[in-house]
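First up is the structure itself, then whatever we jot down about it.
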Amino acid sequence: MLSVFRRIIHSKFGAIFAILFLGVIAAAFILGDVTSGQFGGASLSGGGTAAKAKGYKLTVAELQDRVQRVFENARRSSPELQIGEFFAQGGGAQVFDQLVQSLTLRAYADDQGIHISKRLVDAQIAQIPAFQDAAGNFSNDNFRALLARERLSEQALRDDISREILQRQLLAPIGIGARPSENLVLPYASLLLEARQGQVAAIPAVAFLDDKEPTDAQLADFYKKNSDRFTIPEQRRIRYAVVDAERFAQASMPSDAEISAYYNQNKANYAASENRTVEQLVLPTEAGAKAIAAQVKAGKSLPQAAQGAGLSVSTLDAQSRGQLTSATSKAVADAVFAARQGELIGPVRGPLGWLLLRVTAVQDKPARPLTAVRGEIVKTLRMQKEKQLLGDFTAKLEDQIADGGTFDEVAKDNGLKLETTPPLLATGKQVKDMAYVAPADVQPLLSPAFTMSADDDAQLVPITPDKRYALIAPGQIIAAAPPPLAEVKSLVQAQYKLNAGNQKAKALAEQIRAKVAKGTKLADAISQAGVKLPAPQTLGGRRADIMRAEQRPPAEVSILFAMAENSVKTLPINEGRGYFVVQLTKIERGDAKGNPQLLAQVRDQMGEVIGQEYGEQFERAVEKELGVTRNPKAVEQVRAALAANNSGGQ
């Protein structure tokens, strides 16, 4: 029943596939982090059918494209991630399952007459931050520019968002109200209160390093068998040309006529104005309002009189006549602006009852002549014209590229300065100079540049939106590969010795484990090892405290919670640096019966997981009912294609 929970917790890519549930492309836009996800190279163009659901089908090419996008998204946080590892962790299979689920629910919705309206999709698009301007409003310019930059059609985006909405509408209600019983919740909650303690002894590989140097033949054989340890990730030179709004500084300077026209068009903003701050009390009856008014006239403040009646006063701060009219009514606004500061107004009939108001402040703003606001207007008009000229110029560049212009041709025709980076890793570092820091202009180019294939067209990438852009094109691509042995010989020698020491550490750790399993104390087994080793340490803690940490607990602590009492195990130390011998010596069982807050938290969390499980089971039932067919070879086809494209990814 809790398979969903287990998969999410144990999968390295759990968070990524949670995003997939919202629609990969749509979610990526919502996160403001979309890339084109293009690899180039081998492609499954058409490539057969991966799944069928009534009149709908998922092609292998579509599956490949989606897996590319998810993989690239994962590589942003883990640049060292390779495609082989991604598939080994079940990444490709989970993407396939999500896409088949989407296909199935779409077919089911058609069968049941369920449709997603264009207005609903529009509302979802308008909420995506990547499509909003600085004020948080939907920007059609941003929308079109992003779609063009990512080479996505509007229809493709709408289809993804429609499927995401459909999934929410069909699956979310199924899990509503899923509430596990106390008998089910209590054991899980009690596990969080369980405490464990054990002894851990480290058998470091460095304790067994051999002073004798390996032969060239031994080094060559070791290097060949362990080449993945020394593989340098893919490197790229990025070719780019910066387009800065500063190039339009002179052309964007407004004329006197434009300044005057702007002033006249916005004269109301510069005219004399009066704002008033008002205390307001709303009462349901006129009689009640008159009673409060009498108390104010007798000497009480409006807040004091309101408090005596169990009410509170609200404040309308710095209101213009128009703002106050919108908030109340014209009659109320007229009365307020006719009153003197400190004067009580009312009772006046308002939209929600009878109002008592008092003017607490009057702010008079004198008219501002053109000479006083000229600088402000010039700045505004320059920004507007600069943005327009920059937008026109970048659109011209994109049109030239779309018409077949090469990167060099477009840059030369438009007077752009061409620049090329040294070979960089996806992180922006250099292999031969790890102290190198990529310039500020290059940092935003790394992700899109590393998703382009060698024959991709140039593309525009924002460095600072509406201010600074770069036209980029793929330069030299150095495939991931181990360097020549001669270049890393000293490192390989060190690794060879460490590996040999690690094998000896493993053998000794197994001997110590066997002794401890037969009753020898761990400290005694360590002292009898014949090698100087660190003394055992006592480690442990309460499960809830260990899980609360932001980072995962050390493996030698985690393993304590997967062992039987008094048992002993060996555990490799990261990066082949030796072995741990771990003995669990003490278990203190937890009991959550007297902790209602913990029980409630666990019940809520389990309810969400069970609700997700219900949704998954519903989808599987629909899949069976509709006779959905899956191509079992589809994921392997995609893996092979992407491995071929992503050198060194095996």
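We count residues from 1, following the sequence as given. Just so it is clear, the structure is predicted and the values come from calculations on it, not from any experiment. Every heavy atom of this structure was used, including side-chain atoms; hydrogens, water molecules and symmetry mates were not.
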Do the side chains of Ile463 and Tyr240 get nearer than 4.5 Å, heavy atoms only? no
Looking at Glu376 and Lys379, is any side-chain nitrogen of the basic one under 4.0 Å from a carboxylate oxygen of the acidic one? no
Please evaluate residues Gln167 and Glu619 with respect to the criterion side-chain contact (heavy atoms from CB on, under 4.5 Å), reporting the C-alpha separation (whole Å), side-chain torsions for both, the decisive distance (0.1 Å), and the verdict. CA-CA 10 Å; Gln167 286 179 311; Glu619 186 278 329; over 6 Å; no
Could you go step by step and tell me if Asp122 and Phe138 meet the side-chain contact (heavy atoms from CB on, under 4.5 Å) rule? CA-CA 10 Å; Asp122 288 344; Phe138 175 75; over 6 Å; no
Backbone N/O of Pro484 and side chain of Glu487: donor-acceptor pair under 3.5 Å: no
Please determine whether a side-chain nitrogen of the Lys or Arg among Lys396 and Asp399 lies less than 4.0 Å from a carboxylate oxygen of the Asp or Glu. no
Hey, does the side chain of Asn264 reach the backbone of Ser260 with a donor-acceptor pair shorter than 3.5 angstrom? yes
Whether over 12 other heavy atoms sit under 6.0 Å from Glu636 CD: yes
Atom CD of residue position Gln250 - does it have more than 12 heavy atoms of other residues, nucleotides or ligands inside 6.0 Å? no
Ala50 and Ala634 have their tightest heavy-atom pair at CB-CB, 3.7 Å
Any donor and acceptor pair, going by atom type alone, linking the side chain of Glu386 with main-chain N or O of Glu246 inside 3.5 Å? no
Shortest non-hydrogen separation from Val635 to Ala93 and the atoms involved: CG1-N, 4.1 Å
Is the closest side-chain heavy-atom distance between Leu170 and Ile114 below 4.5 Å? yes
Could you tell me the separation between the NZ atom of Lys52 and the CZ atom of Arg630, rounded to the nearest 0.5 Å? 15.5 Å
Heavy-atom side-chain proximity of Asn631 to Gln637 below 4.5 angstrom: yes
Could you check whether any side-chain heavy atom of Gln430 comes within less than 4.5 Å of a side-chain heavy atom of Leu424, counting everything from C-beta outward? yes
Would Phe143 and Leu157 count as a side-chain contact (heavy atoms from CB on, under 4.5 Å) if you check the C-alpha gap in whole Å, the side-chain angles of each, and the deciding distance to 0.1 Å? CA-CA 11 Å; Phe143 177 66; Leu157 176 64; 3.8 Å; yes
Taking the side chain as every heavy atom from C-beta outward, state whether Leu416 and Leu397 have any pair of such atoms under 4.5 Å apart. yes
Salt bridge (Lys or Arg N to Asp or Glu O under 4.0 Å) filter on Arg247, not counting sequence neighbours, yields none
Could you tell me whether the side chain of Arg639 and the main chain of Gly92 form a donor-acceptor pair under 3.5 Å? no
Quick one: CD on Gln68 to CG on Leu642, what's the gap to the nearest 0.5 Å? 5.5 Å
Indicate the atoms forming the closest heavy-atom contact of Met452 with Ala473, along with that distance. CE-CA, 4.4 Å
Tell me, please, which residues at least two apart from Asp441 pass salt bridge (Lys or Arg N to Asp or Glu O under 4.0 Å). Arg468
Minimum heavy-atom separation for Leu63 and Leu58, please, with both atom names. N-CD1, 4.2 Å
Quick one: does any side-chain atom of Glu85 pair with a main-chain N or O of Ile83 as donor and acceptor, under 3.5 Å? no
Between Lys54 and Asp110, does any NZ, NE, NH1 or NH2 come within less than 4.0 Å of an OD or OE carboxylate oxygen? no
Using the side-chain contact (heavy atoms from CB on, under 4.5 Å) definition, which of the options Ile165, Ile161, Asp160 pairs with Arg163? Asp160
For Ala480, is there any backbone N or O sitting under 3.5 Å from a side-chain donor or acceptor partner on Thr231? no
Distance check, rounded to the nearest 0.5 Å: Glu616 atom CD versus Ile174 atom CD1? 11.5 Å
Once rounded to the nearest 0.5 Å, what's the spacing between atom CE of Met253 and atom CG of Leu381? 10.5 Å
CD1 of Ile472 to CD of Glu419, rounded to nearest 0.5 Å, is 13.5 Å
Has Thr325 got a side-chain atom pairing as donor or acceptor with Arg321's backbone, closer than 3.5 angstrom? yes
Which distance, rounded to the nearest 0.5 Å, do you find between the CD of Gln443 and the OG1 of Thr427? 9.0 Å
With sequence neighbours left out, what residues match Lys417 under salt bridge (Lys or Arg N to Asp or Glu O under 4.0 Å)? none
Determine whether Tyr263 and Ile259 make a side-chain contact, defined as any pair of heavy atoms from C-beta on separated by less than 4.5 Å. no
Applying side-chain contact (heavy atoms from CB on, under 4.5 Å), run through Ile377 and Leu370 and close with a yes or a no. CA-CA 9 Å; Ile377 294 175; Leu370 176 57; 4.0 Å; yes
Is there a donor-acceptor pair under 3.5 Å between the side chain of Asp456 and the backbone N or O of Ser453? yes
I'd like to check Thr394 versus Leu471 (side-chain heavy atoms, cut-off strictly below 4.5 Å). Are they in contact? no
Side chains of Val100 and Val628: closer than 4.5 Å at any heavy-atom pair? yes
Over all atoms of both residues, closest heavy-atom pair of Ala51 and Leu103: O-CD2, 3.9 Å
Taking the basic N atoms (NZ, or NE/NH1/NH2) and the acidic carboxylate oxygens, is any pair closer than 4.0 Å for Glu62 and Arg66? no
By salt bridge (Lys or Arg N to Asp or Glu O under 4.0 Å), Arg237 pairs with (sequence neighbours left out) none
Name all pairs fulfilling the ring pair (Phe, Tyr, Trp, His ring centres under 6.0 Å) condition that reach into residues 407-442, sequence neighbours left out, sorted by first residue then second. none
Verify the distance criterion only: is there a donor paired with an acceptor across the side chains of Gln155 and Asp159 at less than 3.5 Å? yes
Centroid-to-centroid, Tyr469 to Phe393, below 6.0 Å? no
Return each pair, listed once, that meets salt bridge (charged side-chain N to carboxylate O under 4.0 Å, His left out) where at least one residue sits in residues 252-268; pairs must be two or more places apart or across chains. Asp256-Arg374, Glu258-Lys385
Grab the two heavy atoms, one from Leu105 and one from Leu166, that are nearest each other, plus how far apart they are. O-CD2, 3.6 Å
